[in-house]
Amino acid sequence: MIDYSSFTKLSYGLYIIATEHDGEKAGYAGNTGFQVTAQPETIAVSCNKDNYTTEFIQKSKKFSLSVLQKDLDVAIVGDFGFKSGHDIDKFKHYDYKSGELGIPIVTESCVAAFECMVFSEVDCGTHILFIGKVVSAEKLSDNDPLTYAYYHEHYKMRSPKNAPTYIPPEKLEEENDDESKHNREHDKKSEQTTGAPPSDYVCIICGYTYDPEVGEPSMDIPPGTPFEDLPEDFLCPICNATKEFFKEV
Ligand code: FE
């Protein structure tokens, strides 16, 4: 028997993992980075095969791992964690530097950074575990590192679906039944609107768009519900961001 809520008790940090191949940078936010051995200094990261960054690491055989700090603007997690390098230049708005291996090291909102040379890859099905020898390590600040538990609790975000630790909400439903019900309670009455049709709203964290014409079937929000009429405890169905993180488009 597998009790999925057990997995939520595993503890992690949150990192920006980056690399560069043929002059093109790639990076993502992930929680599965850890030190494997002290001597030689070794760090491993688990990367989803669908991540743009993964094929870059396979080609470059290098990655950097930057440790995010506890207090930060969550936009950095949104851009690196919930958006694809296919769609945006993730490095455009954040401070980074080129490391000893010639790959980007994100320094913004980070307390430490490592560069690693990959010496082993383990195919884990959906993910590849890259094991790398640390070739540079630098403390960037004395701020506290972000833990994954604090990230979920304080910033109320879900894991991206590509994360090795992602648990589909329905698998946790039983454990969180009351909370789920509470989150999904809403006023199903949609007011008649006059004049211009209601606007779409986009989640600035993950890019999810709320279309009032469609509503949000997964949360029992019926078609025709304007964003303004969504319950105050409405959460982005992708990343769990609250309504304040939505912007009219
Ligand atoms: Fe979102």
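Just so you know, ligand 1 is whichever comes first in the structure, and atom 1 is the first atom listed for that ligand. Please read these numbers as outputs of a predicted model, since none were measured by experiment.
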Are Tyr151 and Tyr12 an aromatic pair, judged by ring center distance below 6.0 Å? no
So, with waters excluded, how many protein N/O/S atoms does the Fe ion (ligand 1) have closer than 2.8 Å? 4
Taking the six-membered ring for Trp and the full ring for Phe, Tyr or His, determine whether the centres of Phe227 and Tyr201 are under 6.0 Å apart. yes
May I ask you to check whether Ser5 and Asp3 show a side-chain donor-acceptor distance below 3.5 Å? yes
Ignoring hydrogens and geometry beyond distance, is a side-chain donor-acceptor pair present between Asn48 and Tyr28 at under 3.5 Å? no
Between Glu100 and Ser136, do the side chains contain a donor N or O and an acceptor N or O under 3.5 Å apart? no
Quick one: pull up CG in Asp123 and CG in Leu129 and give me the separation to the nearest 0.5 Å. 10.5 Å
